[in-house]
Amino acid sequence: MIVKQIWTGNAYRNFNYLIVCPDTGEALAIDPLDHRQCLAVAKANGWQITQILNTHEHGDHTGGNQPMIAATGAKLLAHRNAKETIKGIDIGLDAGDVVKVGKVELLSLDTPGHTMSHVCLLSQTDQGALFCGDTLFNAGAGNCHNGGHPSELYDTFASQLAGLDDNTLIYPGHDNIANNLPFTLDREPPNEYAQVLVSKVDRQDPAQAMVSTLAMEKQMNTFFRLQNPTIIANLRKEFPDIGENPDAKTVFLKLRELRNKW
Ligand SMILES: [Zn+2]
Ligand SMILES: [Zn+2]
């Protein structure tokens with residue numbers, strides 16, 4: 001599997017992706033908002049974009065669909081419940097469906113929270129890669145302002161993402177790490193991993209972005225560190241009613257609430 005991360009350079013800081021079968025040259029474009037750049041990269045490498053996947057229905061993820069389809073005839077894949085909100089879906093995805101790109105196989109995960117019709121793709125390769133849209137970001141979690149629910153987002157994190165292999169590569173839908181690491185340090189000032197990384201990512205070129213793994217996220221992403229004593233102690237200063245031993249879901253929901261105002 002070849003993964004090409006494409007930096008759009010727009011105000012929303014979107015990442016688009018091409019997933020390519022090295023044997024056949026077939027490619028799947030994930031959320032190809034910058035359709036021109038996606039097409040140019042495919043052309044330069046001799047790849048054929050035959051499928052588009054939308055992780056969810058927001059315009060900064062679907063806005064490139066029609067020109068991309070017009071240019072390539074690609075089939076459009078998205079969550080099966082997004083048929084009302086995304087125009088022209090050819091294949092509606094359920095949890096457990098397998099998406100094939102040439103000889104590459106990717107598993108469809110039903111990951112509600114940011115919106116209620118959100119899918120992630122998990123490559124079935126030796127080292128897995130997770131294409132997670134606006135569900136999981138580097139050092140962060142998606143917001144729930146536009147059609148989502150924090151409670152479902154917690155369930156997706158706890159019951160699906162946290163259990164993936166630690167070596168899984170994380171490919172999010174936006175470049176947010178420089179905004180997210182200071183939140184980690186605000187909640188957990190002694191986090192040395194985040195301290196070291198924060199100065200590096202400040203200078204990072206998003207066109208050559210660092211790709212994290214789930215193991216790295218568990219070290220720097222507050223939303224995976226729900227039992228951390230420092231995080232809980234700091235949270236109690238804001239929300240004394242959560243008590244001394246809040247459950248993981250309570251911690252997640254309160255962190256999400258604080259992040260909304262960050
Ligand atoms: Zn979104
Ligand atoms: Zn987005």
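Both ligands and their constituent atoms are indexed starting at 1 by order of listing. Everything numeric in this text was worked out from a predicted model, so none of it was measured. Positions are given from 1, in the same order as the sequence printed here.
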[Y] versus [X], side-chain donor and acceptor atoms under 3.5 Å:
X	Y	result
Glu26	Thr24	yes
Asp60	His174	yes
Thr168	Asp165	no
Asn180	Asn176	no

2.8 Å cut-off met by an N, O or S atom of His58 to the Zn ion (ligand 2):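 No, since none of the N, O or S atoms of His58 sits under 2.8 Å from the Zn ion (ligand 2).
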
Of the N, O or S atoms in Asp60, the one nearest the Zn ion (ligand 2):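 Sorting the N, O and S atoms of Asp60 by distance to the Zn ion (ligand 2) puts OD2 first.
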
Of all N/O/S atoms in His114, the name of the one nearest the Zn ion (ligand 1):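 The His114 atom nearest to the Zn ion (ligand 1), restricting to N, O or S, is NE2.
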
His61 backbone or side-chain N/O/S under 2.8 Å from the Zn ion (ligand 1):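 Within the cut-off used here (under 2.8 Å), His61 places no N, O or S atom near the Zn ion (ligand 1).
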
Presence of N, O or S from Asp134 under 2.8 Å of the Zn ion (ligand 1):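 Asp134 does place an N, O or S atom closer than 2.8 Å to the Zn ion (ligand 1).
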
Aromatic contact, Phe15 with Tyr171 (centres under 6.0 Å):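 Ring centroids of Phe15 and Tyr171 are no less than 6.0 Å from each other.
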
